[in-house]
Protein chains: 4
Amino acid sequence: MNGKRDSSVYIPTKERILNAALRLFSVKGFRGTTIKDIAREVEITEGAIYRHFRSKEEIIEHLVRRVTGEIRELVKRKVLPEGDVVSRAKALAEALLNYALDNPDSFRFLTVYHILKENGGAERLPGGLLIETFREAYRKGELGLHPEVAFGLVTGSVEKLFILWELGMVRTHRDILIEELKYAVEKALS
Amino acid sequence: MNGKRDSSVYIPTKERILNAALRLFSVKGFRGTTIKDIAREVEITEGAIYRHFRSKEEIIEHLVRRVTGEIRELVKRKVLPEGDVVSRAKALAEALLNYALDNPDSFRFLTVYHILKENGGAERLPGGLLIETFREAYRKGELGLHPEVAFGLVTGSVEKLFILWELGMVRTHRDILIEELKYAVEKALS
Amino acid sequence: MNGKRDSSVYIPTKERILNAALRLFSVKGFRGTTIKDIAREVEITEGAIYRHFRSKEEIIEHLVRRVTGEIRELVKRKVLPEGDVVSRAKALAEALLNYALDNPDSFRFLTVYHILKENGGAERLPGGLLIETFREAYRKGELGLHPEVAFGLVTGSVEKLFILWELGMVRTHRDILIEELKYAVEKALS
Amino acid sequence: MNGKRDSSVYIPTKERILNAALRLFSVKGFRGTTIKDIAREVEITEGAIYRHFRSKEEIIEHLVRRVTGEIRELVKRKVLPEGDVVSRAKALAEALLNYALDNPDSFRFLTVYHILKENGGAERLPGGLLIETFREAYRKGELGLHPEVAFGLVTGSVEKLFILWELGMVRTHRDILIEELKYAVEKALS
DNA sequence: TATGAATGAGCTTTCATTCAT
DNA sequence: TATGAATGAAAGCTCATTCAT
């Protein structure tokens, strides 16, 4: 009677709230999403949300921490510290795009979060982590571009390709998309 | 006597409202920016805004039309229809990045507008215009990547470099940034 | 260039404002009619109205005085003090209905004014004048009904017939309508 | 503990809002009555009203439906289809006046609603129902007046007598008022 | 006289949050 | 845990009125 959609797996309310909020925030923005919107999606009442979170702000912080954590983890796992810059950049591009395509709401959410300063909120680009890869290679003389430019090219390409994909504008197969991305990264950074 | 900010040129209120709104929307989003915010910036009262625009929505529409028009115009002027894809892509990247660096508020505004669907509003990527450049080259066999991928690489790179620049994360000279961007585009598309 | 509708007779702006206001107030009520509504109708700007009237309130007062004055005058002229009650009541009914049909806006205006207490405004039924006719007859024993009832029957009938006429619900000829009204009044009061 | 006004019966907030709105609208008109007015009367805040109604407009629609429904019901119950026109008209007049005197706010509300077109709103005279009574009799040759005229006389008289009564201008006993009304209707229609 | 931009108060409505149940 | 009525602050918008031109 409470597990939502009966026979399916049970998902705790707190989790359901976070999932709904993630999706809504990523599409309608933070101010554009109301507590009522989230409650309606989860099929509970507004008041119930405050059993699980102290405020709307807290939900956002929770989500930011979760998504940046996931990406940090992913990069740590996929972009190994050995190897040349180019292969590491390719691995980064592949991992990021895969994450975006597999977790579109999360990726969108982060994009929205980084672009908007609705609150005057602090900025915490997970770039901090990623960009080091390029800085190091630059110092070693392995990179023909400034590290920030290289970083921008790779991550910017991934983000835009994801958006175009979501809009249905990219008509290639997913695997081909990733191959082309890696190919272009390889050539651009060589 | 009325020109705001001492002896400088007179700017009509309607224009001042648009400028303030552009900047605020581009930073705090549409819902995050209130009419009061705009009024405060322009140093008039909220009611006065409604002498120039029927609604907040109308201000947004006005700005979208203006900014997309400017970019459309720019692309038409700078990206000449002759020449190979690569040089045209380079010209596109250069023109876009220059526009972004010269009109940061406008460029940010458009980014925010395209990402957020606070309203469920219509989508009008100015991509329509730009992407044709790549589609045509692809048909002629001049392009090694799918046109949408090429388009995503170029515009995504520009957008992300602009954001990094704005955050003060890019430490190169502006000219060098543009040169590196063009160089990377050239290699990626060849 | 100023006389409104070119070649036609010149009507001073103040008069045009009053006419427009009369019509609008009578249809949309006092709060429902804005100064802008009136200005638009007269084809001047809002500010111009304040050259002729100190406030919206003053326009209303002006119109109340005008319309009650007209009706007072009319009754004085048409309902002669000689004759029996019945013929005087018939004359009253006829005069009132004729006035209403000839000056629908004025008559509607007064109805609205008497029904609404939007302002907490004072009531000044022009009934004061008319009802005396019946009070006197009642004292003389010429009237089978209480004077207020007789007054209500006659004026209420006129008002409702006017409204039905305006709504297009009365399909008889105007003269017949008046004849039937007088006939009914005669019988009711005898 | 919450029932408002000490120990008396509990009335749900939605009902209290409707009652307050009915009274205020009937006196000050639709535009002249603010949500704050209603809230103050009910002793809740403005926001609370929107938990029960989506808009001011919805409150008005609710009330129109309620009052017209009541009168429709009343006429159905009191004005039996058998009998001659005159007795039916008398029954109608009596039922209407009784309703008005018993539910002055409702009756006033309907009057205001029918006279004002603040919204450009639809017209739904409950007359549709009542007037058929007269149309039928007219076809059968039982009625000396056009049916719309007869309808206007009866309902107009009721409405005006009600207003005079409310203003304290009718000094007779209520029963006598009704008797005189019926007597006049009888004679007018015979 | 007339214009039209501007003001300021007030209106309808929204929304994060609280609280009694 | 959950509900849902209520609060209170703020948002978008309207409008009578003023004022410089």
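First the proteins, then the strands, lettered A, B, ... as listed; each starts at 1. Fair warning: this is a prediction, and the values are worked out from it, not measured in the lab.
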Fill in: Whole-Å distance separating the OH atom of C:Tyr10 from the C1' atom of E:dT1
10 Å
Discussion item. For B:Phe30 and B:Phe25, take the angle between the two ring planes, folded into 0 to 90°, and tell me which bin it lands in: parallel under 30, tilted 30 to 60, perpendicular over 60.
Written reply: tilted
Worksheet item: Rounded to the nearest 0.5 Å, what separation is found between the CG atom of A:Asp37 and the NZ atom of A:Lys28?
Response: 4.0 Å
Worksheet item: What's the CZ-P distance between D:Phe53 and F:dA5, to the nearest Å?
Response: 12 Å
Discussion item. Using heavy-atom distances to pick each residue's nearest nucleotide on DNA chain E, tell me which of B:Ala48 and A:Glu46 is more 5'.
Written reply: B:Ala48
Practice prompt. Provide, to the nearest angstrom, the distance between the CD atom belonging to B:Glu58 and the P atom belonging to F:dC13.
Written response: 10 Å
Item to complete: Nearest whole angstrom, please: distance from the P of E:dT18 to the CZ of A:Arg51.
Response: 11 Å
Discussion item. What's C:Thr45 touching, base or sugar-phosphate or nothing? Going by heavy atoms closer than 4.0 Å.
Written reply: base
Worksheet, complete the sentence: Heavy atoms of D:Ala39 and D:Ile49 approach each other most closely as N-CD1, 3.7 Å
Practice prompt. Take atom CZ of D:Arg31 and atom P of E:dC11, then tell me their distance rounded to the nearest Å.
Written response: 13 Å
Item to complete: Output yes when at least one side-chain N/O atom of B:Arg54 is less than 4.0 Å from OP1 or OP2 of F:dT14, else no.
Response: no
Worksheet entry | Rounded distance (Å) that lies between atom P of E:dT13 and atom CD1 of D:Ile17 | 13 Å
Fill in: Dot-bracket pairing map - DNA chain F, Watson-Crick plus G-U, both contacts under 3.5 Å, | cross-strand
.||||||||||||||||||||
Item to complete: Quickly work out the D:Ile35 CD1 to F:dG8 C1' distance and round it to whole Å.
Response: 16 Å
Worksheet item: Hey, is the side chain of D:Lys56 poking within less than 4.0 Å of OP1 or OP2 on E:dT12, counting only N and O atoms?
Response: yes
Discussion item. E:dT17, OP1 or OP2 - any side-chain N/O from A:Tyr50 closer than 4.0 Å?
Written reply: yes
Discussion item. Please check: side-chain N/O of C:Glu58 versus main-chain N/O of C:Arg54, any donor-acceptor pairing under 3.5 Å?
Written reply: yes
Worksheet item: Is a side-chain N or O of C:Arg108 found less than 3.5 angstrom from the main chain of D:Ile115, in a donor-acceptor match?
Response: yes
Discussion item. Less than 4.0 angstrom between a side-chain N/O of C:His52 and OP1 or OP2 of E:dA2, yes or no?
Written reply: yes
Fill in: Nearest-0.5 Å distance, NE2 of residue B:His52 to NE2 of residue B:His62
12.0 Å
Worksheet item: Taking for each residue the nucleotide of DNA chain E with the nearest heavy atom, is it D:Thr34 or C:Ile44 whose nucleotide lies nearer the 5' end?
Response: C:Ile44
Fill in: Gap between atoms NZ and C1', on D:Lys14 and F:dG4 respectively (whole Å)
14 Å
Discussion item. Does a side-chain N or O of C:Thr13 approach OP1 or OP2 of E:dA2 to a distance below 4.0 Å, or not?
Written reply: yes
Discussion item. With rounding to the nearest 0.5 angstrom, report the CD to CG distance, B:Glu41 to B:Asn19.
Written reply: 10.0 Å
